[in-house]
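What you see is a predicted model; the values in this text were computed from it and never measured. Hydrogens, waters and symmetry mates are skipped; everything else that's a heavy atom, side chains included, is used.
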Amino acid sequence: MLAFESPLATSARTSTSCNVLLRELQQIWSDIGESEADKDRMLLELERECLEVYRRKVEEAANAKARLHQSVAAKEAEVATLMAALGQLNLHSPIQKEKKMAPLKEKLASITPLLEDLRTKKEERRKQFADIKNQIEKISGEISGYNYPNDTMISCLTLEDQDLSLRRLTEFQTRLQTLQKEKSDRLHKVLEYVNEVHLLCGVLGLDFAQTVSDVHPSLQRANQEQSTNISNGTFEGLEQTINKLKTERRIRMQKLKDIAGQLFELWNLMDSPQAEKNVFSRATSILRLSEPEVTEPGVLSTEMIEQASTEVERLTKLKASRMKELVLKRRSEMENICRMTHIKPDASTSAEKSNALIDSGLVDPSELLANIEAQITKVKDEALSRKEIMDRIDRWLLACEEENWLEDYNQDENRYNAGRGAHINLKRAEKARITVTKIPGIYSSYSSNSLMDMFVLLS
């Protein structure tokens, strides 16, 4: 292995070599016969050439030193920038102390590993900031409805990475935790709203997925690609939807209660069987419940209300048919009473007119029946007031009937023949003779006014 020589030894050895070569060159010139002037000229040229070589080498060394110094300075500046960005201001202090003493190559060799380490730390720190930034942007977008909120913390991340210190990273982590807490609270609130919408849609028989999708598509569970929108706009939309559904529930509940009340009235009137009532037990169950207590799915659906309404229409028509029969029956009873009491019935409720009124729908059969009932009561009251006269008429008519029968009996030549029923007719003839003898007494017991009333009734 060759040993390295000191600069002085190298210079002495070089000077000796140059002197030997110079003496050899001068000998050659002497042998050639060069003049002294030519020798001096050629020596001057040789000196200039040597100086040129030294000058060129010096310039090359100076340029190399400048480049090395520039590289060291650039790396030191980058190290300072990275340390400032990472918040490690005292990390480079040992290098600063040895800066003036150490050669440039040593400085470069010592600063390069530090620079690479700082670059690695910076890249890792940038990834941490980028990850937090993405989470903050995502959550902020969900909270704001993706309206790109004016968040200064997010805006500063879009600038150059001038501050990647742990202090700033902690600030961003704190901001992220705050947003995550707010997102969790908002998600819980949205879930409460969505559950209430689901309950109301179930009770009303509405499409839950379409209802929440109308508020915001992300609220539909089937859509897994888009995160749930938890903005104030979504809250307002859900609140409005819930209020509309509650209003609709209130309207439908009152409507179904009215229908259920009609059903009970018709069932009682028609004496409907229990099996027929059980079909609509779900519809009638709401009569004893308040609005918040109505949770059974479909109990307030349009189908349920339509079915109950259809049943009311069917029973109403059946009621009208039966009421028509009852009206005609009661009218017939009234006519019989009028016939027996010799009272002229009210023509306004005759069978023909009653049928026409009921079929036209101009009069409620119940009202018509009530009118006939009132007429029956009136006829009975009038008949009661005429009871004494009617009893006399009945006795007189009976006596007249017996007189006529007796006349026919006396004209029968075979009335005394022994035959079947002869003894019965004989007994009746005896009674008839007694009754006929009383006819003059009946007339004499009536006043002229009573006789007039009798003739009026019999006319």
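The pair Lys189-Asp185 does not count as a salt bridge, with every side-chain nitrogen at least 4.0 angstrom from each carboxylate oxygen. Salt-bridge annotation for Lys75 and Glu78: absent, with no side-chain N of the basic residue lying under 4.0 Å from a carboxylate O of the acidic one. Salt-bridge check for Arg175 with Glu171: failed, with every basic side-chain N at 4.0 Å or more from each acidic carboxylate O. Using a 4.0 Å cut-off between charged nitrogen and carboxylate oxygen, Lys317 and Glu313 do not count as a salt-bridge pair. Using a cutoff of 4.0 Å between basic side-chain nitrogens and carboxylate oxygens, Glu325 and Arg322 are not scored as salt-bridged.
More than 12 heavy atoms of other shown residues, nucleotides or ligands fall within 6.0 angstrom of atom CD in Glu276. Within 6.0 Å of CD on Glu291 lie more than 12 heavy atoms contributed by other residues, nucleotides or ligands.
Of the possible polar contacts, none joining the Ser332 side chain to the Leu328 backbone as a donor-acceptor pair under 3.5 Å is found. Between the Ser281 side chain and the Asn278 main chain, a donor and an acceptor come within less than 3.5 Å of each other. A donor-acceptor pair is defined here as one N or O able to donate and one able to accept, closer than 3.5 Å; no such pair exists between the side chain of Ser184 and the backbone of Lys181. At distances below 3.5 Å, not a single donor-acceptor pair connects side-chain atoms of Asp117 with backbone N or O atoms of Pro113. Panel note: side chain Ser71, backbone Arg67; no donor-acceptor pair is recorded below 3.5 Å.
With 3.5 Å as the limit, one finds no donor-acceptor pair spanning the side chains of Asn232 and Glu236. Inspection of the Gln135 and Asp131 side chains reveals an N or O donor paired with an N or O acceptor under 3.5 Å. Inspection of the Glu367 and Asn371 side chains reveals no N or O donor paired with an N or O acceptor under 3.5 Å.
Looking at every heavy atom in both residues, Met253 comes nearest to Val294 through CE-CG2, 3.5 Å. For the residue pair Met304 and Val299, the shortest heavy atom distance occurs at CG-O, 3.4 Å.
Under the side-chain contact (heavy atoms from CB on, under 4.5 Å) criterion, Lys380 pairs with Ile337, Ile376, not counting sequence neighbours. Glu239 is linked by a side-chain contact (heavy atoms from CB on, under 4.5 Å) to Tyr193, counting only residues two or more places apart in sequence or in another chain.
Interatomic distance, Glu196 CD to Thr241 OG1, rounded to the nearest 0.5 Å: 11.0 Å.
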